[in-house]
Amino acid sequence: MSKILTQSVLMLLMLSLLAGIAYPFVVTALAHLCCGRAAEGSLIRQGGRVVGSALLGQPFDDPKYFWGRPSATTPQPYNGLASGGSNLGPANPAQFDAVKSRVAALQQADSGNALPVPVDLVTASASGLDPQISPAAAQYQLQRVARARGMDPERVRELLAAHTDPRQWGIFGEPRVNVLALNLALDDTH
Amino acid sequence: MSAMDWLQLALHLLVLLLSVKPLGHYMAGVFDGSGAVTRWFGPAERALYRLCRIDAATSMDWRQYAVAMLLFNTLGALAVYALQRLQAHLPWNPQQMSAVSPDSSFNTAVSFVTNTDWQGYGGESTMSYLTQMLALAVQNFLSAATGIAVLIALIRGFVLRQAQQIGNFWVDLARATLYVLLPLSVLLALALVGQGVVQSFKPYASAALVDPITLEEPVTDAAGNALEDAQGKALSKPVRIDSQTIALGPAASQIAIKQLGTNGGGFFNANSAHPFENPTPLSNFLECLAILLIPAALCDTFGRMVGDTRQGWAVLAAMLVLFAPLLGLTAWAEGRGNPGYPAAVAQAPSPLQSGGNMEGKETRFGAADSALWAAATTAASNGSVNAMHDSFTPLGGLIPMWLMQLGEVIFGGVGSGLYGMLVFAIVAVFIAGLMVGRTPEYLGKKLESFEMKMASLVILVPPFCALVGTAIAVSAAAGRAGTANPGAHGFSEILYALSSAANNNGSAFAGLSANTPFYNTLLGIIMWLSRFWVMIPVLAIAGSLAAKKRVPAGAGTLPTHTPLFVLLLAATVVIVGALAFFPALALGPIVEELQFRTR
């Protein structure tokens, strides 16, 4: 028994060093050789200041910006320290109320807009940090953004098209628009 | 669900099936010692044994094998517990995380050692980098390797004749770690970093928000009580939020093994829904493929080791026969959307949006990839998520729950899924034997009363733990207090949690507040029981079979590589799972689905 105990302790120690120290450090070293920017969070810098990550969404509520997915993180939306979804059940009355109030807020900010509201724009994402919306959700907001900025809608449409990603490799995932990247591009041009 | 979405699901299964043969062949070579890799790295492997005072040439009987396995895992749990409790005093803690509470540390220690990876905590706000690497990621490797070792011991039980020993636990454990899990993890981790998964030791970054927001925050007194004005309305003050914390860490290395080892414990709270854990559709494809990769390939390894690859493919076919329709049903349910939303909301799929039930789902994955992941992660006992199962439609949430309740044998955990399925095969052969009145045999070994008693334990312990645990949780005020949703859905949250723990899955209807002493303790005990009270009887079967002679197949032998046997095996799994859980499911997701569709 004491022999097995010694072997257990030593095996746990050796395999821990291998899988818990050597492995993550080797991966870190190789990762920084091939793709250091991605390994450090794909940060976007403007004038030396970090304004976000290309992979994380941010809250937007100004009509001149495209808005992202609703975020259920607490205490504030898009909280990078508490990722997560609402976990509201599909038949929970609180969920129906939340969707109704989001539809109302969108319609109030853009009173003439009679388009149907894309579902991803009124439902909270899984991470609360979803950086993207569907192309449909972006098009729904296009006229509002153009009006708030006094921009030609065609110019906004061009920027939107340039920031729309198709399915990866033509098959994987869904078409999508990175909201932060699009809004930064809007600020750059206007 | 568009045609493109269905094509994605089909592509996933196709790539999975194409990987089975090469990886299965490779692993068979690793475990019988004939593979080239065991020659190339043989000196390093032997050095490890020397350092650990292990004589690799000695073989253990099933009791010694079980003792070594249990002792090693118990020590592992103690190490994980200690590292969490002491993390404030240890290095690589740039965010100065304090010690984890005793009950949460206990739960997490058991959870990661049992390959469950149930998480009551949020990673980015709880665990230091060192704890993530040295406690959690290490057990991601070792719990998976333990599962593979027990499977290999069971396979040897079929292969060996009149033998007392079933192999050396340390050798099986080391080979699974060194030759299978580590190399695959390095490859996957690097591919994931290429897609944007973080791998960093720096402290969290901070970003200045492009569009700062203002929130109304409740005003509290010094004791933390909410204050009210003269009319009894809660006082609030505007708070400006102008920055975002960007949580980092050595995530890619951990995510690779959490997917490959059917562990599922996320680096961040949102698990593989977090953009740093699963940033692109391609990373999603790779991570989702990794969930089923080793469990599927081990079927081929099994066939090769018993000398008849058709046996392995028959077991794999039984898994697929169950998996494919359940996957399709989940995808269909999630693609339909929510009938309770206002008519102004567009939920139908189009070239410009995934549509469907998007609450708790990420845009880049849409309904299809979220449903695929949900089915894969619960069929295998992975338990990672890329969407919030709690917000799935009732039918879409029922299927993942039932996939766990079927005993985690449809692919199942690394090693554990296949040994569970082989025990179901033993039961299926036994039932067929009863029908024709002959002593049953499987792979040339007679199945007698001892094997059937142990098989019954393996099959009954998890449902027993799940159902008794659910009964305890709904009877206790502390258990009911955790639910986040009213009505039948609240019951589903509890049933899901106990089914997840009792089958070592680890996914959750995450609205349940499970980081309480009650749930941490209850779920911790259940995870431990249902892991090791299954492993020990499996090893007992291995020992008993190894001691038997091989009987030649006769006219009355049921061939176990035919479509007939595939259906018999699948039906056995479904009947046991349906009989055990139908009443409980009727109180949760089934009644909710009926209410939901008739609104």
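Proteins come first, then strands; the chains are lettered A, B, ... in the order of their sequence lines, and each starts at number 1.
Using a 4.5 Å heavy-atom threshold, the side chains of A:Gln76 and A:Pro59 count as separate. Counting heavy atoms from C-beta outward, B:Glu359 and A:Ser86 have side chains that approach closer than 4.5 Å. Taking the side chain as every heavy atom from C-beta outward, A:Gln132 and A:Glu174 never approach each other to under 4.5 Å. Looking only at side-chain heavy atoms (C-beta outward), A:Arg167 and B:Asp5 come within less than 4.5 Å of each other. A:Gln58 places none of its side-chain heavy atoms less than 4.5 Å from the side chain of A:Asn183.
Contact count against chain B (heavy-atom pairs under 4.5 Å) is highest for A:Ser134 among A:Pro175, A:Ala94, A:Ser134. No other option in A:Ser42, A:Gly52, A:Gly36 has as many heavy-atom pairs under 4.5 Å with chain B as A:Gly52. The candidate with the highest count of non-hydrogen atom pairs below 4.5 Å against chain A, out of B:Asn73, B:Ile241, B:Thr393, B:Asp369, is B:Ile241. Interface check for chain B: of the options A:Val177, A:Ile4, A:Leu5, A:Val119, the most heavy-atom pairs under 4.5 Å are formed by A:Val119. The candidate from A:Arg176, A:Arg45, A:Gln168 with the greatest count of non-hydrogen atom pairs under 4.5 Å with chain B is A:Gln168. In terms of heavy-atom pairs under 4.5 Å with chain B, the best-connected choice from A:Asp120, A:Asn92, A:Leu180 is A:Asn92. Comparing A:Ala54, A:Pro90, A:Ser127 by heavy-atom pairs within less than 4.5 Å of chain B, the highest count is held by A:Pro90. For the set B:His12, B:Gln347, B:Gln244, the entry with the most heavy-atom pairs within less than 4.5 Å of chain A is B:Gln244.
No part of A:Leu121 comes within reach of chain B, as not one of its non-hydrogen atoms sits under 4.5 angstrom from that chain. There is no contact between A:Gln46 and chain B, counting heavy-atom distances below 4.5 Å. Both the backbone and the side chain of A:Ala31 come within contact range of chain B, with heavy atoms under 4.5 Å apart. With a threshold of 4.5 angstrom between heavy atoms, A:Asp187 approaches chain B through side-chain atoms but not through N, CA, C or O. Contact of A:Val103 with chain B is made through the side chain alone, with heavy-atom distances under 4.5 Å. For A:Phe96, the part sitting under 4.5 Å from any heavy atom of chain B is the side chain, from C-beta outward, and nothing else.
Within 6.0 Å of the CZ atom in B:Arg53, the count of heavy atoms belonging to other residues, nucleotides or ligands does not exceed 12.
Using the six-membered ring where Trp is involved, A:Tyr23 and B:Phe141 have ring planes that are perpendicular, over 60° apart on the 30 and 60° scheme. Aromatic ring pairs are classed by plane angle as parallel below 30°, tilted from 30° to 60° and perpendicular above 60°; the pair B:Phe201 and A:Phe25 is parallel. Ring-plane geometry between B:Tyr129 and B:Tyr204 is classed as tilted, the angle between the planes lying from 30 to 60 degrees on a 0 to 90 degree scale.
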